[in-house]
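Presented below is the structure to which this report refers.
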Amino acid sequence: MSSSKKSSDGKSSEIEEAVASLTMPFNKILLTSSDGESFEIDEAVARKFQIIAHMIEDDCAGKAIPIDNVTGDILSKIIEYAKKHVVEPDEDEDEEAKKKLDSWDAKFVEKLDLETIFKIILAANYLNFEGLLGFASQTVADYIKDKTPEEVREIFNIENDFTPEEEEAIRKENAWTFNG
Amino acid sequence: MVDEEKLPWELVDEILSRVPPTSLFRFRTVCKRWNVLFYDKTFMNNHKMTFRFILATESKIYSVSIDPKIEVCELTLYFPGLEYQKPQYLVDCDKFLLYGLDKGAVVWNPWLRQSRWIESSEIKQTPMQFSGIGDVDRNYKILASCSPTGLPNKSWCKIYDFASDAWKDYGSGDGIEERSSYVTFGDSVSLNGTLYWVAIEKTHKSFHLACFDFSRGKFIKGRNLPCEKTNSLKDALVLGVFKGDRLSLLKQCHKTKKIEIWVTKYKVNTNLAREDVEWINFMEVSSPNFPSLVYYSQPSYFIEDKRLVVCSWDKIGRAWIYVLGENKLISKSHIDYVVDPWPFHCTFIPSLVPVPRSQREELAELQV
């Protein structure tokens with residue numbers, strides 16, 4: 001997975017992540033949402049959020065970390081996903097585990113409405129949780145792919161800045177697709 | 001009061017880079033910003049379904065993507081009569097692919113799954129080869145040529161115009177192009193609607209840049225290329241596109257195996273005869289154990305982020321991908337998924353430009 005958001009010593013934090021999950025499983029971190037909800041999680045789980053991993057490395061993570069931009073309901077969903085994905089199974093080595101995790105992921109999003117998924121995308125981006133950002137983006141991509149341009153505008157609240165003539169000219173080019 | 005859009009642009013980009021191409025094509029009318037994005041090469045390069053090379057054997061066609069790891073996908077191209085013809089050549093025409101067969105070629109956009117069969121004509125029992133696709137203000141045209149056996153120094157050229165679905169003879173009408181002084185070498189490179197080649201000047205065996213300017217309808221020969229003269233066609237010498245609006249030149253000396261890359265300092269235009277094209281040395285890789293990139297055909301390559309990625313045959317016809325950078329070989333992989341030997345190959349970045357139709361077909365559409 002490309003890691004444009006990883007720090008320049010991304011390799012060392014990967015190793016630290018692995019070490020942390022093996023040797024310090026009982027280190028707990030407290031996260032507090034913008035609306036005052038608190039979540040106590042293992043350090044290994046907290047490290048999935050690069051923004052927190054950096055704080056831990058720089059030694060400026062106290063026992064409690066305020067997450068100002070994310071509400072409790074969204075943070076709890078993100079933590080639920082992070083817990084399941086602490087260790088990512090290797091596709092080539094453990095197909096069985098990957099399949100199980102994919103199935104859990106599918107059920108996880110099934111219950112969520114689009115508004116919530118958007119909030120999760122914003123929060124995952126803020127926390128720098130690449131795995132969830134990718135997964136949630138893929139979910140939205142799958143959802144919109146068969147929609148009409150009108151429906152897509154509504155979903156993203158985008159204004160149509162084409163004149164009817166301009167739109168028609170572009171749509172004419174659409175007319176002959178899927179030709180073999 | 002204007003409602004804010006639900007997500008910031010960079011997150012919309014993340015989502016769109018996972019939407020399948022045929023849906024993206026439909027979404028061009030969502031808003032102007034989206035329409036512009038879908039023609040942005042950076043967006044194409046980063047799209048999750050992007051690829052970089054196309055490989056074609058007698059029975060199958062594949063796309064090959066490089067990041068994050070090498071992945072090969074089988075593509076389907078169906079055309080009535082396709083199974084009775086053999087692939088002859090494959091050319092990257094920037095927005096489309098030209099898949100040449102015995103009796104003509106298919107103009108293909110694999111991402112949009114659009115294709116169009118163009119039949120070629122014969123000159124003195126020699127079939128014409130399609131050299132490339134260019135355009136004049138989005139009026140697309142194909143240049144085809146052939147040098148009939150037994151008629152040295154003469155080559156016939158014809159130009160196909162998509163809009164009128166008609167062939168025209170090149171030049172003064174009889175189609176003959178007396179290029180007695182130089183010969184084009186290798187595949188054409190399509191850049192900004194013009195076709196560029198490496199040209200060999202016959203008497204001095206020097207290498208030049210040449211182009212076919214569709215708006216003026218003529219071949220233009222330019223000044224020398226920055227590589228030394230060589231008598232050997234075992235050297236690799238391949239033109240490419242660099243950063244979307246410039247040209248690159250790859251050379252590998254077959255003796256030393258050293259690879260050199262030059263790029264043009266500025267954007268290239270068609271004034272090759274009058275203006276000098278300035279080239280700068282971009283990269284050099286010296287590795288005596290490095291294989292030759294030329295076994296019966298020239299390699300294909302692209303340059304991205306100071307990396308050079310090359311596809312070429314080894315001596316038993318297997319396709320390899322070499323990644324070079326920082327003046328050394330970074331990795332090499334054999335594409336074992338492609339079973340048949342000697343597959344045709346070319347670079348190709350997917351596009352969302354629809355294969356052009358003739359005006360007649362467009363009018364017929366409106367009447368439906």
Side-chain angles (χ1 to χ4, degrees), chain A residues 1-5 91-92 114-126 130 132-180, chain B residues 2-35 38 46-49 67-69 76-80 82 106 108-109 111-117 352-357 361-362 364-366 368:
Chain A
M1 211 156 54
S2 71
S3 348
S4 51
K5 297 194 178 99
E91 216 169 323
D92 302 319
L114 203 58
E115 284 299 319
T116 310
I117 298 181
F118 278 175
K119 289 186 186 154
I120 287 177
I121 288 178
L122 284 161
N125 184 47
Y126 172 71
E130 222 176 290
L132 180 55
L133 180 60
F135 175 64
S137 301
Q138 184 67 55
T139 305
V140 177
D142 293 338
Y143 177 72
I144 65 171
K145 70 177 195 256
D146 294 322
K147 300 269 180 278
T148 65
E150 227 109 273
E151 288 168 325
V152 169
R153 281 186 212 118
E154 266 182 53
I155 290 168
F156 290 96
N157 217 26
I158 293 173
E159 203 188 307
N160 180 7
D161 52 357
F162 282 119
T163 65
E165 294 81 32
E166 287 168 336
E167 214 182 306
E168 192 49 41
I170 298 177
R171 210 180 292 144
K172 253 176 47 180
E173 284 183 348
N174 283 10
W176 81 301
T177 50
F178 320 122
N179 184 32
Chain B
V2 176
D3 275 331
E4 249 182 48
E5 291 181 3
K6 289 273 165 70
L7 290 175
W9 181 245
E10 76 214 38
L11 295 180
V12 173
D13 196 304
E14 275 284 337
I15 294 169
L16 291 176
S17 72
R18 293 168 165 87
V19 172
T22 40
S23 305
L24 291 179
F25 190 60
R26 229 181 33 252
F27 293 165
R28 290 173 309 152
T29 55
V30 166
C31 68
K32 289 185 177 169
R33 194 173 194 182
W34 282 34
N35 190 30
F38 298 154
N46 294 331
H47 193 277
K48 301 298 177 236
M49 288 169 227
D67 295 312
K69 57 183 172 132
T76 45
L77 173 65
Y78 175 70
F79 229 91
L82 200 65
V106 178
W108 189 28
N109 183 329
W111 248 24
L112 296 182
R113 285 181 274 146
Q114 287 179 348
S115 55
R116 187 199 178 95
W117 168 252
L352 286 172
V353 178
V355 173
R357 291 183 293 170
E361 285 169 318
E362 280 186 21
E365 270 289 335
L366 291 175
V368 164

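Since this is a predicted model, take the numbers as computed values, not measurements. In the text below, chain A, chain B and the rest are named by the order of the sequence lines, each starting its count at 1. Keep in mind that the numbers below use all heavy atoms, side chains included, and drop hydrogens, waters and symmetry copies.
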Could you grab the distance from atom [atom1] of [X] to atom [atom2] of [Y], nearest 0.5 Å is fine?
X	Y	atom1	atom2	result
B/Arg33	A/Glu159	CZ	CD	13.5 Å
A/Glu167	B/Asn35	CD	CG	10.5 Å
A/Glu166	B/Thr29	CD	OG1	11.5 Å
B/Ile15	A/Ile121	CD1	CD1	4.0 Å
B/Phe25	A/Ile170	CZ	CD1	9.5 Å

Over all atoms of both residues, closest heavy-atom pair of [X] and [Y]:
X	Y	result
B/Arg18	A/Ser137	NH1-CB, 3.8 Å
B/Leu7	A/Phe156	CD1-CE2, 4.2 Å
A/Asp146	B/Arg26	C-NH2, 3.5 Å
A/Asn125	B/Glu10	ND2-OE2, 3.5 Å
A/Phe162	B/Arg28	CE1-O, 3.4 Å
B/Ser23	A/Lys145	OG-O, 2.8 Å

Decide yes or no on side chain to side chain contact (heavy atoms under 4.5 Å, CB included) for A/Glu115 and B/Lys6, but give the supporting numbers first. CA-CA 9 Å; A/Glu115 284 299 319; B/Lys6 289 273 165 70; 3.2 Å; yes
Tell me, side chain or backbone of A/Ile144 under 4.5 Å from chain B's heavy atoms, or both, or neither? both
Taking every non-hydrogen pair under 4.5 Å, which of B/Leu24, B/Leu16, B/Val30 racks up the most with chain A? B/Val30
Under a 4.5 Å heavy-atom cutoff, which of A/Ile158, A/Asn160, A/Val140, A/Leu122 has the most pairs with chain B? A/Ile158
If you count heavy atoms of other groups shown closer than 6.0 angstrom to CD of A/Glu154, is the number above 12?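 Check fails, neighbour count at 12 or below.
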